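What you are looking at is a predicted structure, and each value in this text was computed from that prediction instead of being measured.
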Amino acid sequence: VILTVRSILEKSNWYTWASLDNLLPLLAEASPAEYLNQFEQYLLRDKKKKILYENETDIITYSYSTSVYWSLELIAWNTDYCVRACMILFALSQEDEKSIDHIVNIILPWCPNTFGPFSFRLTIVENILKKDISIGWKILKKLMPGETTYAIPTYKPKYINIPNDEISVTNEEYYNQVDLYLDLMIKYCKTSNERLIDLIGLLDSVSQKNFDKICTYLKSSKILIKNDNSKYKLWDELESIAHWIKKQSDINDEIKDEM
């Protein structure tokens, strides 16, 4: 099987991938390691990543990247390859932001579409943050409570390790994931005004513990020494959210007092 997948995809160009189209998930399922090897080699050859942009137009427009994304989603169900598949999606996201949503759908805290454990999913986010904080931050924001309100099922294997049901996540597991993702947000937020404003925007949707974490960071010395213009922007955002929180009758009194 490995040799068959290799012979089909070796030294391929975008046209090879486009012409195989709906056969790509089958090749990916047959030999995920070789499929990933060949796709990584293709990306090195095609600096413009033309497979992301080529499409077919008739009554509707069909993008040839669709089957590529399906094949990577399928591979991501495999514990051995989920990190690698998501890092390839990250490479694609530098050209096509739709890739970010595919990563989020795979690692979504309350409805993951992978057999990979949470430690693997956390590693994916950390690796992306180290390589490109802008893309990593967009992913983190989408993983926070209330940001992604519905799950889109990803492409599933049809013959090997078929997922029969959704992966169940307990409330405790979910909140533990959110805690660790928020820790990453605080770590990589640093003193960026835009990222600090994103953190402030989470104050009305996180747990008391994470609310306190954000407030503690906002009161830290590295934030207090920012220039007056930056402080004004943060103050304005804090004032808006404090006003909103104080109007809500169902919000904890301790949080209202903190605001």
Counting only heavy atoms from other residues, nucleotides and ligands, does the tally under 6.0 Å from [atom1] of [X] exceed 12?
X	atom1	result
Glu10	CD	yes
Tyr53	OH	yes
Trp235	CH2	no
Lys231	NZ	yes

[X] versus [Y]: any side-chain heavy-atom pair under 4.5 Å?
X	Y	value
Trp77	Ile162	no
Ile103	Ile128	yes
Ile106	Cys82	no
Leu72	His102	no

_salt bridge (charged side-chain N to carboxylate O under 4.0 Å, His left out) partners for Glu237, two or more places apart_ =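 Scan of Glu237 (salt bridge (charged side-chain N to carboxylate O under 4.0 Å, His left out), adjacent residues dropped) gives none.
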Pair [X]-[Y], side-chain donor/acceptor within less than 3.5 Å:
X	Y	value
Glu34	Gln38	yes
Ser63	Asn55	no
Ser71	Tyr155	no
Asn22	Ser67	no
Ser19	Tyr64	no
Asp198	Trp137	yes
Asp179	Asn210	yes
Asn13	Lys50	no

Between [Y] and [X], does any NZ, NE, NH1 or NH2 come within less than 4.0 Å of an OD or OE carboxylate oxygen?
X	Y	result
Lys213	Asp183	yes
Glu40	Arg84	yes
Glu95	Lys48	no

_The single option from Asn37, Leu9, Ile2 passing side-chain contact (heavy atoms from CB on, under 4.5 Å) against Ser31_ =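 Among Asn37, Leu9, Ile2, the one that satisfies the side-chain contact (heavy atoms from CB on, under 4.5 Å) with Ser31 is Ile2.
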*Start with the C-alpha distance between Phe115 and Phe120, add both sets of side-chain angles, then the distance that settles ring pair (Phe, Tyr, Trp, His ring centres under 6.0 Å), and finish with yes or no.*
CA-CA 10 Å; Phe115 291 124; Phe120 286 22; over 10 Å; no
Listed pairs under 3.5 Å, donor-acceptor, residues 141-148 side chains, sequence neighbours left out:
unit_1	atom_1	unit_2	atom_2	d
Lys142	NZ	Asp101	OD1	3.2
Thr148	OG1	Lys142	O	2.6

*Would a line drawn from the ring center of Trp14 to the ring center of Tyr42 be shorter than 6.0 Å?*
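Aromatic pair excluded; centres sit 6.0 Å or further apart.
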